[in-house]
Number of protein chains: 2
Amino acid sequence: MAAKRSPARRPTMKDIARRAGVSESAVSFALNGRPGVSEVTRDRVRRVAEQLGWRPSTAARALSGEGAATVGFVLARPADTLGVDSFFLQLVSGIQEVLAERHLGLLFQVVEDVTDECAVYRGWWAEHRVDGVLVADPRTADPRPGLLDELGLPAVVIGGAPDERHPGLSTVWADDAGAMASVVDGLYALGHRRIVHIAGLPGLAHTERRIRTLRAEAERRGLTGVESVTTDYSDTEGAAVTRRVLRSAAPPTALIYDNDVMAVAGVAAATELGFSVPADVSVVAWEDSALCRIVTPGLSALSRDSGEFGRTAARELLALLDGGPARTVRVPVPRLVERESTGAARER
Amino acid sequence: MAAKRSPARRPTMKDIARRAGVSESAVSFALNGRPGVSEVTRDRVRRVAEQLGWRPSTAARALSGEGAATVGFVLARPADTLGVDSFFLQLVSGIQEVLAERHLGLLFQVVEDVTDECAVYRGWWAEHRVDGVLVADPRTADPRPGLLDELGLPAVVIGGAPDERHPGLSTVWADDAGAMASVVDGLYALGHRRIVHIAGLPGLAHTERRIRTLRAEAERRGLTGVESVTTDYSDTEGAAVTRRVLRSAAPPTALIYDNDVMAVAGVAAATELGFSVPADVSVVAWEDSALCRIVTPGLSALSRDSGEFGRTAARELLALLDGGPARTVRVPVPRLVERESTGAARER
DNA sequence: TGTGGGGGCTCAAGCGCTTTAGTTTCGGCG
DNA sequence: CGCCGAAACTAAAGCGCTTGAGCCCCCACA
């Protein structure tokens with residue numbers, strides 16, 4: 001049997017009512033801080049509840065109209081792409097922190113793609129499992145905001161851009177465009193004219209935003225040797241692309257990688273080809289992590305506080321659940337942490 | 001208002017009953033595959049349910065005795081230690097995969113320490129939120145199994161050793177001892193006699209097991225220059241310990257790190273001190289990851305399938321929930337992937 | 001002294017589902 | 001032809017909580 005010897009019955013409001021000598025309704029009023037009971041009764045009920053170790057049954061609460069006291073988070077990534085970067089765990093940890101204060105649970109699911117993700121939302125909604133969701137990795141043509149809106153499921157999009165706003169959904173985003181511009185600024189100042197951006201998955205909103213910004217910056221300055229190449233974020237693709245571009249006739253003098261893993265793999269690939277970092281080629285990683293600190297040369301990286309990102313998103317969702325209006329909030333622009341992988345462009 | 005324009009009412013069994021022209025009970029019987037309805041009615045009901053897009057309300061189910069259709073997983077780690085290794089996301093992803101097949105949700109929480117973790121279990125239990133839990137990072141004096149047993153909450157311990165069995169709890173574990181023994185075997189064969197093990201957090205069951213085994217192996221062979229040093233898994237501590245031991249009078253010729261991050265940091269530290277890897281000192285990382293492949297020299301690492309680990313654990317929990325007996329199952333011994341960081345000990 | 005009006009509580013219904021105890025309708029057998 | 005029993009289905013209670021309606025009592029006011 002799964003349940004053990006003394007299955008330690010959970011106390012219910014009925015138990016409290018009996019012990020406190022009042023009706024169940026009175027207990028409900030007392031415990032939920034609403035009028036209808038005297039202060040003295042309220043105190044007594046509270047005391048009994050505490051001493052009995054009572055906690056409201058979420059199931060019962062959910063059933064009688066209150067929410068499910070749970071928010072959902074689904075990650076649509078092929079399983080093997082998972083866990084290469086530390087971003088998500090940090091994010092979830094931050095989300096968690098805020099939710100826990102309000103005794104909200106976090107229902108977590110990993111799926112293969114956005115289609116499955118939509119199915120999960122449908123299921124959660126129909127099963128009455130969550131009160132709201134956090135949506136990660138917004139795409140350029142994203143079916144999720146529409147669906148969530150249709151279901152009336154409060155949601156906040158993490159990493160979306162403000163123009164992609166969908167009525168009813170909140171958005172928390174980092175200014176990728178600004179960050180990209182400042183990185184290009186910095187590299188340009190160091191004399192770099194040929195820059196390759198080893199981007200992440202095509203179709204992700206932030207990938208496209210970075211690519212657009214890079215192109216715009218290049219045009220503004222009349223640079224021609226600037227391009228973006230999309231990848232799947234893996235170390236192997238990162239290395240492969242690096243090899244390819246460095247072997248070209250006019251190899252770039254600076255590389256911008258959309259995550260830490262590719263950056264490290266890229267440095268290794270460059271080194272193998274006889275390019276030294278940063279003498280021959282500078283490298284910037286978009287995500288900072290222990291990884292960037294550990295390797296030699298240390299990688300200059302765009303650092304952001306993923307935990308804070310998560311906390312902000314969670315707070316927005318709470319606001320939405322409390323009936324607040326949908327908002328768009330921006331978290332601080334990622335900050336470039338300079339290490340040894342960037343330097344002046346070699347004269348050509 | 002949180003809910004939007006057409007809050008798209010969820011269909012209930014009552015709706016199905018009406019449409020199918022039967023009672024609610026008949027619907028329940030039909031949908032749950034239990035006797036009491038004819039096959040033709042069952043089919044009709046099923047069809048109606050499907051076409052209405054009906055899904056059982058977990059709240060209602062939970063309330064009427066069924067489980068909450070959810071299992072819990074809490075990670076007790078200081079927030080900053082999170083996300084350094086990819087192990088957990090992989091693990092969770094594996095767990096997830098198995099649970100999803102059965103439409104079970106995964107409630108996830110991150111806390112600071114084991115005390116908080118116990119509080120979370122208490123809360124989940126009292127709130128009727130989960131049917132069972134997965135317990136990670138078992139410790140040497142662990143309050144959790146006792147608590148879970150007391151609450152009668154089905155649980156499987158991930159990474160526990162069989163001898164620490166607690167009645168009622170299942171255990172899924174990897175044979176750390178065997179792995180350690182084989183690593184030492186290998187290093188010994190390469191001529192290594194002074195080996196230092198840069199271990200993880202003291203108090204974790206698997207840390208202690210590895211330490212014990214290393215000591216036993218050393219004694220068996222009469223080696224004296226063998227020791228374990230515990231750390232907090234961070235790159236900084238890993239580097240610090242590496243520097244300390246390499247500066248000693250008789251520095252080790254082989255280092256075993258309990259995770260990938262420390263191993264990489266250790267290699268960097270060793271290189272700084274003028275030790276070349278693997279010529280002067282061999283390095284083995286306990287956890288394999290992209291990280292170990294990327295860096296140069298590539299790190300020899302103990303590789304295990306974390307996803308499979310998670311799947312196995314989840315399957316055990318399901319078995320427990322189905323009323324099966326508590327079991328202890330072993331996942332395959334981690335396999336040593338040889339890369340460039342290990343080699344013959346230099347003659348002394 | 002009568003009356004209106006709160007405050008303080010209780011009653012009971014209802015949320016969506018399961019489940020036990022009926023009730024009806026057959027078909028089969030003596 | 002009548003009776004029994006099984007199969008098919010319905011009625012209703014119950015899970016733990018919320019909530020609107022109603023009840024009682026006491027105080028203030030006229």
Side-chain angles (χ1 to χ4, degrees), chain A residues 3 7 9-46 48-49 52-70 103 123-129 131, chain B residues 3 7 9-46 48-49 52-70 103 123-129 131:
Chain A
R9 213 177 63 81
R10 304 166 170 76
T12 73
M13 288 198 356
K14 189 182 282 178
D15 298 320
I16 301 180
R18 197 173 325 118
R19 297 266 282 244
V22 292
S23 72
E24 272 188 68
S25 339
V27 173
S28 178
F29 292 147
L31 260 17
N32 292 319
R34 62 188 60 198
V37 288
S38 63
E39 275 314 308
V40 32
T41 308
R42 192 185 298 279
D43 273 2
R44 184 155 38 96
V45 169
R46 280 218 185 101
V48 174
L52 251 46
W54 178 86
R55 296 281 231 108
S57 147
T58 35
R61 275 246 164 105
L63 199 51
S64 45
E66 304 291 279
T70 306
H103 283 278
W124 280 351
W125 173 80
E127 290 174 5
H128 214 121
R129 258 177 182 288
D131 300 329
Chain B
R9 214 176 64 79
R10 303 166 170 77
T12 71
M13 288 198 354
K14 190 181 282 178
D15 299 319
I16 302 180
R18 198 174 321 119
R19 297 267 283 246
V22 292
S23 71
E24 273 188 69
S25 338
V27 174
S28 178
F29 293 147
L31 261 17
N32 292 318
R34 60 190 60 198
V37 288
S38 64
E39 276 314 307
V40 32
T41 308
R42 192 185 298 278
D43 274 1
R44 184 156 37 95
V45 169
R46 280 218 185 100
V48 174
L52 251 44
W54 178 87
R55 295 282 231 106
S57 147
T58 35
R61 277 243 164 112
L63 201 51
S64 47
E66 303 290 278
T70 306
H103 284 277
W124 280 350
W125 174 80
E127 290 173 5
H128 215 120
R129 259 178 182 286
D131 300 330

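Since the structure is predicted, the reported quantities are computational estimates derived from the model, not experimental observations. Chain naming here is simple, since letters A, B, ... match the order of the sequence lines and numbering starts at 1 in each.
Atom CG of A/L63 is separated from atom OG1 of A/T58 by 11.0 Å, given to the nearest 0.5 angstrom. Rounding to the nearest 0.5 Å gives a distance of 9.5 Å between CD of B/E66 and CG of B/D131.
For the segment residues 39-46 of chain A, the set of residues with a heavy atom within less than 4.0 Å of an atom of DNA chain D is empty.
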Step by step, would you call A/I16 with A/L31 a side-chain contact (heavy atoms from CB on, under 4.5 Å)? CA-CA 11 Å; A/I16 301 180; A/L31 260 17; 4.1 Å; yes

For A/V45 and A/V37: C-alpha separation, side-chain torsions, deciding distance, then whether side-chain contact (heavy atoms from CB on, under 4.5 Å) applies. CA-CA 10 Å; A/V45 169; A/V37 288; over 6 Å; no

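Between A/R19 and A/V48, the closest heavy-atom pair is CB-CG1, 3.7 Å. Scanning both residues, B/A59 and A/A62, for their nearest heavy atoms gives CB-CB, 3.6 Å.
Comparing the start and finish of the helix from C/dT1-D/dA30 to C/dG30-D/dC1, five pairs each, the helix axis swings through 60°, to the nearest 10 degrees.
Counting non-hydrogen atoms under 4.0 angstrom, B/V22 reaches the backbone sugars and phosphates but no base.
When atom types are taken as modelled, the side chain of B/R129 and the backbone of B/G123 share no donor-acceptor pair closer than 3.5 angstrom. Remark: side-chain polar atoms of B/R42 are paired, donor with acceptor, to backbone N or O of B/A30 under 3.5 angstrom. For the pair B/T70 (side chain) and B/A68 (backbone), a donor-acceptor distance under 3.5 Å is present.
For the pair A/T12 and A/E24, the minimum side-chain heavy-atom distance is 4.5 Å or more.
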For each nucleotide in nucleotides 15-26 of chain D, reading 5' to 3', give B when a protein heavy atom comes within less than 4.0 Å of its base, S when such contact involves only the sugar-phosphate, and - otherwise. BBBBBB------

